[in-house]
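For reference, the structure is listed below as structure tokens.
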Amino acid sequence: MSDLILEKQPKSPISEAYRTIRTNIDFSSIDKEIRTILVTSSGPAEGKTTTASNIAMAYAQAGKKTLLIDCDLRKPRIHKIFKISNRIGFTNMMADDMKLSEAAFVFSDTLQVLTAGIIPPNPSEILSSNKMKTFLQAASMVYERIIIDSPPINAVTDAQILGSVADGTVLVVSSDITNIEGAVRAKELLLKVKANILGVILRRVNVSRGKYGYGSYYYYYYAEDGEKKRRKKKNDRRPLSHSSQD
């Protein structure tokens, strides 16, 4: 199964779930438009990169001019999902004063992808620099939505840095990987930098032993007010995303 489910299977229940997430994000703030969105997870292999890529795709398909940035400068993976080169990307632009138009890959009329580029020795310093803040401010004047993928927040400080400057943060957790302590710590770390937590995406929910019957899984999005949205797909025990590497 392709990681870009919205491109390969746009009419599937999973694609509809991503569109629901897009809508929930848009309605998560009344006073301020959410333009810059950070997607992170509590730990590795929880599906944050796949989620970030499909959220970006959902906005692009809705006609929003969207930029997807791979700011996981330790284990980048967006270039693999989109099957494009990572020779030139975000770090090259930061180090060499390249223009965004020179570094970004044009995926469609409404979606551009900025891969991570060369892995640097000092990711946190790059992400916390004034140059990074200036770049995001300038990009938000051009793009209607900027989706940022970051490393897991419990592993390094990068996600905290990005959460402090993004308009909103979405936390991805996996029911079969994430433990409660890890999820709670992730939330606490985001709150410490006053990140605007928009909600939590719970993936890989297996309810085959519950009242919903065998062979079902649900994709949940918890809004900030606690309201729960649910999408159901009858299937075997496959996870929401085929990928388990991000």
Side-chain angles (χ1 to χ4, degrees), residues 1-40 47-71 77-84 89-90 93 99-116 135-150 162 165-172 196-199 201 203 219-224 227 229-231 233 240-241 243 246:
M1 183 187 297
S2 171
D3 289 313
L4 294 177
I5 190 71
L6 273 160
E7 181 194 25
K8 300 299 182 182
Q9 300 180 39
K11 295 183 179 180
S12 70
I14 303 176
S15 293
E16 182 60 27
Y18 279 117
R19 286 188 280 268
T20 299
I21 291 171
R22 178 192 66 201
T23 301
N24 287 344
I25 290 174
D26 285 343
F27 282 93
S28 62
S29 177
I30 298 175
D31 299 327
K32 179 182 178 181
E33 184 180 18
I34 303 296
R35 281 181 172 256
T36 306
I37 303 162
L38 171 67
V39 179
T40 189
K48 65 175 181 58
T49 303
T50 300
T51 300
S53 299
N54 280 284
I55 290 176
M57 185 75 70
Y59 275 114
Q61 290 182 352
K64 299 287 187 181
K65 188 174 182 181
T66 305
L67 175 65
L68 173 63
I69 309 175
D70 194 343
C71 283
R77 206 176 145 262
I78 282 179
H79 64 285
K80 295 181 180 179
I81 289 180
F82 284 84
K83 295 180 173 59
I84 57 179
F90 171 76
M93 193 179 65
K99 294 180 180 179
L100 179 58
S101 59
E102 297 174 314
F105 174 80
V106 179
F107 183 82
S108 68
D109 292 340
T110 52
L111 177 60
Q112 293 188 20
V113 180
L114 183 61
T115 63
F135 162 68
L136 288 178
Q137 290 173 354
S140 65
M141 301 297 291
V142 177
Y143 296 91
E144 295 174 275
R145 294 294 183 272
I146 301 172
I147 313 300
I148 305 173
D149 181 32
S150 77
L162 292 167
V165 296
D167 295 329
T169 297
V170 173
L171 181 64
V172 178
N196 178 22
I197 304 176
L198 302 177
I201 296 175
R203 304 175 74 253
Y219 186 106
Y220 290 103
Y221 176 87
Y222 290 88
E224 189 174 13
E227 182 181 357
K229 304 294 183 181
R230 184 177 68 194
R231 295 286 170 179
K233 176 177 171 60
L240 173 64
S241 168
S243 170
D246 54 325

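These numbers come from a predicted model, not from an experiment.
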Original post:
Do Arg22 side-chain atoms and Ala58 backbone N/O form a donor-acceptor pair below 3.5 Å?
Top reply: yes
Subject >> Minimum-distance pair of heavy atoms, taken over all atoms of Gln112 and Tyr143 >> reply: OE1-OH, 2.9 Å
**OP:** Report the residues that fulfil ring pair (Phe, Tyr, Trp, His ring centres under 6.0 Å) with Phe107, sequence neighbours left out, ordered by chain and then residue number.
**Re:** Phe82
Original post:
Can you name the closest pair of heavy atoms from Leu68 and Ala52 and give their distance?
Top reply: CD1-O, 3.9 Å
Original post:
Roughly how far apart are Leu38 CG and Ser150 OG, rounded to 0.5 Å?
Top reply: 4.5 Å
Original post:
Do side-chain atoms of Glu102 reach the backbone of Lys99 as a donor and acceptor pair under 3.5 angstrom?
Top reply: yes
**OP:** Of all the heavy-atom pairs spanning Ser15 and Pro10, show the shortest one and how long it is.
**Re:** CB-O, 3.4 Å
Original post:
Checking side-chain hydrogen bond (donor to acceptor under 3.5 Å, both in side chains) against Asp3, which of Lys80, Arg77, Lys8 comes through?
Top reply: Arg77
Subject >> Verdict with reasoning, Ile81 to Lys83, per side-chain contact (heavy atoms from CB on, under 4.5 Å) >> reply: CA-CA 5 Å; Ile81 289 180; Lys83 295 180 173 59; over 6 Å; no
Subject >> Distance, nearest 0.5 Å, that separates OH of Tyr18 from OG1 of Thr50 >> reply: 6.5 Å
Original post:
Minimum heavy-atom separation for Gly89 to Ala103, with atom names?
Top reply: O-CB, 4.0 Å
**OP:** Report the C-alpha distance between Val170 and Ile201 in whole Å, list the side-chain angles of each, state the deciding distance to 0.1 Å, and finish with yes or no for side-chain contact (heavy atoms from CB on, under 4.5 Å).
**Re:** CA-CA 7 Å; Val170 173; Ile201 296 175; 3.6 Å; yes
Original post:
Is a donor on one side and an acceptor on the other found under 3.5 Å between the side chain of Ser12 and the backbone of Gln9?
Top reply: yes
**OP:** With side-chain contact (heavy atoms from CB on, under 4.5 Å) as the test, would you mind laying out the steps for Ile69 and Phe90 before giving the verdict?
**Re:** CA-CA 8 Å; Ile69 309 175; Phe90 171 76; 4.2 Å; yes
**OP:** Over all heavy atoms of both residues, which pair between Ser140 and Arg35 is shortest? Give the atoms and the distance, please.
**Re:** O-NH1, 3.0 Å
Subject >> Exercise: identify the closest heavy-atom pair between Val39 and Lys48 >> reply: CG1-O, 3.6 Å
Subject >> Electrostatic pair Glu16:Arg19 at N-O distance under 4.0 angstrom >> reply: yes
Original post:
Do Thr169 and Ile37 have side-chain heavy atoms sitting under 4.5 Å apart?
Top reply: no
Subject >> Verdict with supporting geometry, Phe135 and Met93, side-chain contact (heavy atoms from CB on, under 4.5 Å) >> reply: CA-CA 10 Å; Phe135 162 68; Met93 193 179 65; 3.3 Å; yes
Subject >> Contact check, side chains of Leu136 and Val165, non-hydrogen atoms, under 4.5 Å >> reply: yes
Original post:
Thr51 side chain to Gly47 main-chain N or O, any donor-acceptor pair under 3.5 Å?
Top reply: yes
Original post:
Between atom OG of Ser53 and atom CD1 of Ile147, what is the distance when rounded to the nearest 0.5 Å?
Top reply: 10.0 Å
Original post:
Among Ile148, Asp149, Leu114, whose side-chain contact (heavy atoms from CB on, under 4.5 Å) with Asp70 holds?
Top reply: Asp149
**OP:** Mind checking the CD1-CG spacing from Ile55 to Leu6? Nearest 0.5 Å is all I need.
**Re:** 10.0 Å
Original post:
Name the one of Thr110, Thr36, Asp26, Thr66 that satisfies side-chain hydrogen bond (donor to acceptor under 3.5 Å, both in side chains) with Arg145?
Top reply: Asp26
**OP:** Return the set of residues passing side chain to side chain donor-acceptor pair (under 3.5 Å) with Lys32 (not counting sequence neighbours), or none when no residue passes.
**Re:** Asp167
Original post:
Can you list the residues that meet the side chain to side chain donor-acceptor pair (under 3.5 Å) rule with Glu144, with sequence neighbours excluded?
Top reply: none
